[in-house]
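Below, read A as the first sequence line, B as the second, and so on, with proteins coming before strands; counting in each chain starts at 1.
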Amino acid sequence: MIARVQPDHVTYTTVVSAFVKAGSMDRARRVLAEMTRVGVPANRITYNILLKGYCQQLQIDQAKELVREMTEDAGIEPDVVSYNILIDGCIQVDDSAGALAIFNEMRAKGIAPTKISYTTLMKAFALSGQPKLANKVFDEMLNDPRVKADLVAWNMLVEGYCRLGLVEESKKIIQRMKEHGFHPDVATYGSLANGIALARKPGEALLLWNEVKDRCTAKKEGEKSDDSDPPTLKPDEGLLDTLADICVRAAFFKKALEIVACMEENGIPPNKTKFTKIYVEMHSRMFTSKHASQARQDRRSERKRAAEAFKFWLGLPNSYYGSEWRLGSLDGDN
DNA sequence: ATAGGGTTAG
């Protein structure tokens with residue numbers, strides 16, 4: 001005899017989750033309806049998964065309607081996870097004011113924000129170009145004894161300033177986070193690299209690269225180390241590509257070569273096509289001046305060697321100084 | 001079985 005096992009609410013919720021993940025909100029809703037019909041009612045987790053689904057589909061109104069249904073029809077009050085999902089949903093549709101309104105509504109209901117609530121609200125302000133408001137939320141988080149700010153929260157604070165290219169402010173925050181015992185990670189440095197690119201401060205990229213490079217290599221045998229030493233950093237494509245991009249644009253070819261070497265060491269294929277394009281568009285006529293003094297030529301000889309090495313790495317012809325080849329000769333436009 | 005972090009091509 002075969003036992004007739006009924007699916008329980010976890011089984012159903014797993015199915016709901018699968019449909020949500022596939023973007024099929026209609027089918028997910030049909031499962032919800034079936035749960036009611038067969039007497040295996042959905043719980044808060046089921047509803048939260050559906051809420052997340054609507055938010056991912058940018059259907060915030062549907063999400064809010066579902067909150068009404070879960071409250072009034074199913075008698076399930078939204079919890080902090082539900083609210084966090086809604087706050088993030090507002091962010092997805094660029095509604096930072098709506099995100100704040102939901103955060104406040106949650107608190108008015110006596111539901112305590114978690115560090116995720118605070119960080120998500122910070123994201124609303126960081127992504128909408130209001131780093132000072134993000135900072136205000138961060139300060140509130142620091143003053144809330146129920147939560148502890150973590151690396152993600154610090155990174156969101158940094159991101160807010162970097163998005164506007166406010167490099168000095170970002171560096172101050174990173175200094176403060178270090179003083180609080182948090183080591184910057186690839187996300188922190190990735191934000192800063194983007195801020196530096198936006199601010200067009202390539203000198204800052206050199207400083208950042210030195211710090212990143214230092215963190216990339218593990219401490220050698222015999223070297224002093226203690227708990228305050230930052231852990232080894234595994235750089236990723238976003239960080240290294242941004243740094244290399246800045247260096248190539250700024251004609252820092254020695255540094256650019258170091259960075260692309262680091263990319264290759266980490267199994268990240270550098271985008272040679274892009275770097276070639278930047279090189280050709282910005283620097284192909286470098287070192288072609290016929291009026292440079294001997295002193296000047298001597299001063300730049302090292303830079304020139306680096307440029308030659310970089311061209312070699314790109315696979316560009318590297319003995320064409322003064323000739324007139326351009327992008328057109330590469331892609332056939334001319 | 002549910003919620004938060006940078007980038008993703010000038």
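Between A/Phe103 atom CZ and B/dG4 atom P the separation is 16 Å, expressed in whole Å. Atom P of nucleotide B/dG4 and atom CD1 of A/Ile102 are separated by 15 Å, given to the nearest angstrom. We find that CG of A/Leu86 is positioned 10 Å from C1' of B/dA3, with the value rounded to whole Å. B/dG4 atom P lies 7 Å from atom CD1 of A/Ile116, rounded to whole Å.
Residues meeting the salt bridge (charged side-chain N to carboxylate O under 4.0 Å, His left out) test with A/Asp245, sequence neighbours left out: A/Arg249, A/Lys274. Not a single side-chain contact (heavy atoms from CB on, under 4.5 Å) links A/Leu198 to another residue, sequence neighbours left out. In this view, A/Arg30 satisfies the salt bridge (charged side-chain N to carboxylate O under 4.0 Å, His left out) rule with no residue, not counting sequence neighbours. Remark: A/Lys213 pairs with A/Trp209, A/Asn210, A/Lys255, A/Glu258 by the side-chain contact (heavy atoms from CB on, under 4.5 Å) rule, at least two apart or across chains. In this view, A/Arg44 satisfies the salt bridge (charged side-chain N to carboxylate O under 4.0 Å, His left out) rule with no residue, not counting sequence neighbours. Legend: residues meeting salt bridge (charged side-chain N to carboxylate O under 4.0 Å, His left out) with A/Lys171, ordered by chain and number and at least two apart, are A/Glu204.
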Sequence-aligned protein contact record of nucleotides 5-10 of chain B, with B where the base is within under 4.0 Å of a protein heavy atom and S where only the sugar-phosphate is: BBB-BB
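Residues from residues 135-150 of chain A that place a heavy atom under 4.0 Å from any atom of DNA chain B, listed by number: A/Asp150. The stretch residues 63-82 of chain A touches DNA chain B through A/Val81, each having a heavy atom within less than 4.0 Å of the strand. Within residues 19-47 of chain A, the residues approached by DNA chain B to less than 4.0 Å at the level of any non-hydrogen atom are A/Asn43, A/Ile45, in residue-number order.
Look at A/Arg163 and A/Glu159 and you find a salt bridge, because one of the NZ, NE, NH1 or NH2 atoms lies within 4.0 Å of a carboxylate O, short of that distance. Taking 4.0 Å as the cut-off between side-chain N and carboxylate O, A/Lys311 and A/Glu308 count as a salt-bridged pair.
Ring geometry, A/Tyr279 versus A/Phe310: the interplanar angle falls from 30° to 60°, so the pair is classed tilted.
Figure legend: A/Lys178 and A/Trp154 shown without cation-pi pairing, the cationic atom not lying both under 6.0 angstrom from the six-membered ring centre and within 45 degrees of its axis.
Tested against A/Ser170 for a side-chain contact (heavy atoms from CB on, under 4.5 Å), the candidates A/Thr188, A/Asn194, A/Leu192 yield a single pass: A/Leu192. When each of A/Val67, A/Ile111, A/Thr71 is paired with A/Glu77, the side-chain contact (heavy atoms from CB on, under 4.5 Å) condition holds for A/Thr71 and for no other.
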Result block: side-chain N/O donor-acceptor pairs under 3.5 angstrom for residues 115-122 of chain A, not counting sequence neighbours:
{"unit_1": "A/Lys115", "atom_1": "NZ", "unit_2": "A/Asp150", "atom_2": "OD2", "d": "3.4"}
{"unit_1": "A/Ser117", "atom_1": "OG", "unit_2": "A/Asn84", "atom_2": "OD1", "d": "2.7"}
{"unit_1": "A/Ser117", "atom_1": "OG", "unit_2": "A/Asn84", "atom_2": "ND2", "d": "3.4"}
{"unit_1": "A/Ser117", "atom_1": "OG", "unit_2": "A/Thr114", "atom_2": "N", "d": "3.0"}
{"unit_1": "A/Ser117", "atom_1": "OG", "unit_2": "A/Thr114", "atom_2": "OG1", "d": "3.3"}
{"unit_1": "A/Tyr118", "atom_1": "OH", "unit_2": "A/Asp144", "atom_2": "OD2", "d": "2.7"}
{"unit_1": "A/Thr119", "atom_1": "OG1", "unit_2": "A/Lys115", "atom_2": "O", "d": "2.7"}
{"unit_1": "A/Thr120", "atom_1": "OG1", "unit_2": "A/Ile116", "atom_2": "O", "d": "2.6"}

Pairing annotation in dot-bracket form, given for DNA chain B with Watson-Crick or G-U pairs under 3.5 Å and | for cross-strand partners: ..........
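The distance from the OH atom of A/Tyr161 to the CG atom of A/Leu157 is 6.0 Å, given to the nearest 0.5 Å. Distance check: A/Trp313 CH2 to A/Leu257 CG gives 7.5 Å after rounding to the nearest 0.5 Å.
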